[in-house]
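Letters A, B, ... are given to chains in the order of the sequence lines, protein chains preceding strands, and every chain is numbered from 1. All figures in this text were calculated on a predicted structure; none of them were measured in a lab. The analysis underlying the following values was restricted to heavy atoms, covering all of them including side chains, and did not include hydrogens, waters or symmetry mates.
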2 protein chains.
Amino acid sequence: MNELPKLDDLDRRILSTLLDDARVPYAEMAKRFHVSPATVHVRVEKMKAAGIIEGTEILVNTKKLGYDVCCFIGINLKAARDYHSALEKLNQLDEVVEAYYTTGAYNIFVKLMCRSIEELQFVLIDKLQAIDEVQSTETLISLQNPINRNVIP
Amino acid sequence: MNELPKLDDLDRRILSTLLDDARVPYAEMAKRFHVSPATVHVRVEKMKAAGIIEGTEILVNTKKLGYDVCCFIGINLKAARDYHSALEKLNQLDEVVEAYYTTGAYNIFVKLMCRSIEELQFVLIDKLQAIDEVQSTETLISLQNPINRNVIP
DNA sequence: CATGAAAATGCGAAGGG
DNA sequence: CCCTTCGCATTTTCATG
């Protein structure tokens, strides 16, 4: 099922570089890795075609946008089969930025970003716990995010 | 302490666009938002200077890189004051891609990416639980990640 | 995989509302 | 003060060997 695309050293170095900064010019990488800019171009295109590179995005400082509160919430559903309908409703909430279907203590695990504790309280009580399928929740407030990086290709 | 930079509608639309795809040309955004390309350029530079835009990165499909297992691990420390030294050791582990200092049931909460369940087992037992400061851990395996997006600027 | 030229994009100064 | 027009520099892209 999972045929992994073969990557050589050059591919991996290009990926690592672009994971740090997607705007590094091909010519710059070409110099660093002792190949031509066109070669870098070809490799990037190949990795895009293979679905390894899915796109690019900017990194925004969420605090400067006013989002001071980050937390994780473990959700227990009344019935495990309600997963899809619950997820659909969670997807409507802008504050839910990540969701995971998990084994273990919870059915669904979500990451929430809010502008304040008051907003968190509101989202939690009036939006999240208001969802029919939700039986109970457990909240984990993050005060700091000291590590945030990517896997090593 | 937190003086939020003022953003107008144009700034927010530029941010939203670049959050989806950091390579959308300025000229393209200029057309969409009925301003000149240079204006888009100026706004982006301002947001970079204000620290709102911290950088750019590519999105890689981690599964295609062989990282099939994603899980969250709640860590309890023997003593809360061991936070910094524990974190330093966690930072050494490539498999730890995110770490959060949290209130609630755990002292530290981390996200782990591994290539297989076997690797997870190894990392968990021989690397993570081998850290002196760690008292106990609780693992939450993610089988699916149906929501993964950014906050709305 | 490299070369080199054409096209697209990014960039910054100078001027206008 | 912010926006625009304009020209130059850089970068991407692609045909060819």
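- In this structure A:Y67 satisfies the ring pair (Phe, Tyr, Trp, His ring centres under 6.0 Å) test with no other residue, sequence neighbours excluded.
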In a table with atom names and distances, give each donor-acceptor pair under 3.5 Å that connects a side chain of residues 18-25 of chain A to protein atoms at least two apart or in another chain.
{"residue": "A:D21", "atom": "OD1", "partner": "A:R23", "partner atom": "N", "Å": "2.9"}
{"residue": "A:D21", "atom": "OD1", "partner": "B:T56", "partner atom": "OG1", "Å": "3.1"}
{"residue": "A:R23", "atom": "NH2", "partner": "B:A22", "partner atom": "O", "Å": "2.4"}

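- Side chain of B:R13 to main chain of B:D8: no donor-acceptor pair is present (N/O by atom type, distance under 3.5 Å, no hydrogens or angles).
- Taking A:L7 as the reference, A:D11, A:R12, A:L15, A:M47, A:I52, B:L65 meet the side-chain contact (heavy atoms from CB on, under 4.5 Å) condition, with sequence neighbours excluded.
- Of the residues in residues 9-23 of chain B, not one places a heavy atom less than 4.0 Å from an atom of DNA chain C.
- Of the residues in residues 32-52 of chain B, those lying under 4.0 Å from DNA chain D by heavy-atom distance are B:V35, B:S36, B:A38, B:T39, B:R43, B:K46.
- Distance, A:E28 CD to C:dG10 P: 18 Å, rounded to whole Å.
- Reading DNA chain D from its 5' end, the first and the last nucleotide to sit under 4.0 Å from a heavy atom of chain B are D:dC2 to D:dT5.
- There is no side-chain donor-acceptor pair under 3.5 Å between A:N76 and A:Q135.
- Under the rule for a ring pair (Phe, Tyr, Trp, His ring centres under 6.0 Å), the partners of A:Y101 that lie at least two apart in sequence or sit in another chain are A:Y83.
- Looking at A:K64, its side chain does come within 3.5 Å of a backbone N or O of B:A50 through a donor-acceptor pair.
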Contacts table for residues 27-34 of chain A: side-chain donor-acceptor under 3.5 angstrom, sequence neighbours left out:
{"residue": "A:E28", "atom": "OE2", "partner": "A:R32", "partner atom": "NE", "Å": "3.4"}
{"residue": "A:E28", "atom": "OE2", "partner": "A:R32", "partner atom": "NH2", "Å": "3.4"}

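- The 12-atom threshold is not exceeded at NZ of A:K46, counting heavy atoms of other residues, nucleotides or ligands nearer than 6.0 Å.
- Remark on the helix from C:dC1-D:dG17 to C:dG17-D:dC1: inter-end axis angle 30°, axes from five-pair C1' superpositions, rounded to 10°.
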Below 3.5 Å, can you tabulate the donor-acceptor pairs from side chains in residues 103-111 of chain A to any protein atom, sequence neighbours excluded?
{"residue": "A:Y106", "atom": "OH", "partner": "A:E138", "partner atom": "OE2", "Å": "3.1"}
{"residue": "A:N107", "atom": "OD1", "partner": "A:L77", "partner atom": "N", "Å": "2.8"}
{"residue": "A:K111", "atom": "NZ", "partner": "B:Y100", "partner atom": "OH", "Å": "3.1"}

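- Listed by chain and residue number, B:Q121, B:Q129 satisfy the side-chain contact (heavy atoms from CB on, under 4.5 Å) test with B:I125 (two or more places apart in sequence, or in another chain).
- Taking Ile, Leu, Val, Met, Phe, Trp and Tyr as members and joining any whose side-chain heavy atoms lie under 4.5 Å apart, directly or through other members, B:V42 forms no hydrophobic cluster with any other residue.
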